[in-house]
Amino acid sequence: MTAGDAAGQLLRRRRARASLATYALERGYWPARHHLYLIDRLEAVARGESRRLMVFMPPGSAKSTYASQLFPAWLAAQPPLSGRTSWDILATSNTSNLAEEFSLKVRRHARESQPLLGYQLSEESQAVGRWEIQGKAVYRCAGAGSAIAGQRADVALIDDPIRGSEEADSASQRARIWRWYTDDLRQRVKPEGA
């Protein structure tokens, strides 16, 4: 490798670590204008400037790709929030199975991005529901409504907490998810967390 190649690689790594949009390009995604807006808001979360972010986009708009898959892998390469040494990420979805599917996708992005983002997956912690990036992040996942006692989060992600229109139309199902959010999940977010 020539000095120019090495310098180019270093610049590529710096750009991917500094920008979620650049990281997405490195992973083979081409962010559209609405994705760039979402990415800007996600980067504000990573910087600690935004503590609450709700994303409402139509089905098929790649919100899960950017917010629930690429963002957690990229977030682990960012400086942790003030007073923290690493990121605690808690990702949830309407079922444990869907949350675990997201976990597998995030872990694949993280594994394939190790040199680019400058971190390494832990060999000891590889369960689908809980795994680590050495010295950078712990990623946990759970289904909406499931027990999450003992888990804390700097960032809590909720992707599709309600399974479909039948659940959305049910007042009792909406109330159940709302109770879980207010009584369980929200209580697990650390001070200054998002």
Side-chain angles (χ1 to χ4, degrees), residues 7-32 34-55 57 62-93 99 102-126 129-142 148 151-159 185-186 188-194:
Q9 283 283 50
L10 182 60
L11 181 60
R12 186 176 149 241
R13 289 176 183 155
R14 284 185 181 156
R15 287 180 176 163
R17 292 174 192 172
S19 162
L20 180 54
T22 302
Y23 174 64
L25 286 167
E26 289 284 348
R27 297 297 299 149
Y29 298 92
W30 294 89
H34 67 286
H35 299 138
L36 293 173
Y37 181 78
L38 174 58
I39 285 169
D40 179 66
R41 301 293 70 220
L42 291 167
E43 288 177 343
V45 170
R47 292 188 301 269
E49 297 166 5
S50 175
R51 295 187 51 221
R52 299 292 178 268
L53 174 64
M54 296 177 76
V55 179
M57 292 177 161
K63 61 190 172 298
S64 293
T65 299
Y66 287 94
S68 295
Q69 296 173 31
L70 293 169
F71 177 63
W74 176 83
L75 179 66
Q78 304 311 302
L81 295 173
S82 178
R84 310 288 202 292
T85 57
S86 65
W87 291 97
D88 281 318
I89 302 167
L90 177 58
T92 65
S93 195
F102 282 129
S103 177
L104 290 170
K105 289 175 182 177
V106 174
R107 189 167 63 187
R108 180 178 50 83
H109 283 299
R111 183 178 54 250
E112 294 172 1
S113 301
Q114 291 177 104
L116 182 66
L117 294 179
Y119 57 56
Q120 185 171 351
L121 290 174
S122 171
E123 296 287 329
E124 291 84 42
S125 177
Q126 295 187 11
R130 184 192 183 285
W131 49 273
E132 294 181 32
I133 296 171
Q134 289 181 358
K136 298 285 186 179
V138 174
Y139 182 98
R140 296 176 184 89
C141 69
I148 54 173
Q151 300 183 42
R152 301 286 288 165
D154 295 306
V155 174
L157 302 168
I158 307 168
D159 192 313
L185 183 69
R186 194 170 64 184
R188 304 294 169 220
V189 177
K190 296 177 189 177
E192 305 306 315

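These figures come from a predicted structure and were not determined experimentally. The analysis underlying the following values was restricted to heavy atoms, covering all of them including side chains, and did not include hydrogens, waters or symmetry mates.
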Visitor: For the pair Tyr29 (side chain) and Tyr66 (backbone), establish whether a donor and an acceptor sit closer than 3.5 Å, ignoring hydrogens and angles.
Guide: no

Visitor: Does Ser93 form a side chain to side chain donor-acceptor pair (under 3.5 Å) with Asp159? I'd like the steps, not just the answer.
Guide: CA-CA 5 Å; Ser93 195; Asp159 192 313; 4.8 Å; no

Visitor: According to the salt bridge (charged side-chain N to carboxylate O under 4.0 Å, His left out) rule, which pairs have a member within residues 65-74, sequence neighbours left out?
Guide: none

Visitor: Mind running side chain to side chain donor-acceptor pair (under 3.5 Å) on Ser103 and Tyr139 for me, showing each step along the way?
Guide: CA-CA 8 Å; Ser103 177; Tyr139 182 98; 4.9 Å; no

Visitor: Closer than 4.0 angstrom, basic N to acidic O: yes or no for Glu26 and Arg15?
Guide: no

Visitor: So that I can tick it off, tell me whether Lys190 and Asp154 are bridged by a salt bridge, with the cut-off set at under 4.0 angstrom between side-chain N and carboxylate O.
Guide: yes

Visitor: Is there a side-chain contact between Leu121 and Glu132, using heavy atoms and a 4.5 Å cut-off?
Guide: no

Visitor: Counting only heavy atoms not in Arg14, do more than 12 sit closer than 6.0 Å to its CZ atom?
Guide: no

Visitor: Should Val45 and Arg51 count as side-chain neighbours, where that means a heavy-atom distance under 4.5 Å?
Guide: no

Visitor: Run the side chain to side chain donor-acceptor pair (under 3.5 Å) test on Trp131 and Ser122 for me, step by step, so that the C-alpha distance in whole Å, both residues' side-chain angles and the decisive distance to 0.1 Å come before the verdict.
Guide: CA-CA 7 Å; Trp131 49 273; Ser122 171; over 6 Å; no

Visitor: For a 4.5 angstrom cut-off between non-hydrogen side-chain atoms, does Leu117 reach Tyr23?
Guide: yes

Visitor: Could you check whether Arg41 and Ser50, counting side-chain N and O atoms only, form a donor-acceptor pair closer than 3.5 Å?
Guide: no

Visitor: Drop me the distance from Thr92's OG1 to Gln151's CD, to the nearest 0.5 angstrom.
Guide: 10.5 Å

Visitor: Compile the donor-acceptor pairs under 3.5 Å between side chains in residues 75-82 and protein atoms, sequence neighbours left out, one pair per line.
Guide:
residue, atom, partner, partner atom, Å
Gln78, NE2, Arg17, O, 2.7
Gln78, NE2, Trp74, O, 3.4

Visitor: Just by distance, do the side chain of Arg107 and the backbone of Gln126 share a donor-acceptor pair under 3.5 Å?
Guide: yes

Visitor: Considering residues at least two apart in sequence or located in another chain, which fulfil the ring-ring contact (aromatic ring centres under 6.0 Å, His included) criterion with Phe71?
Guide: none

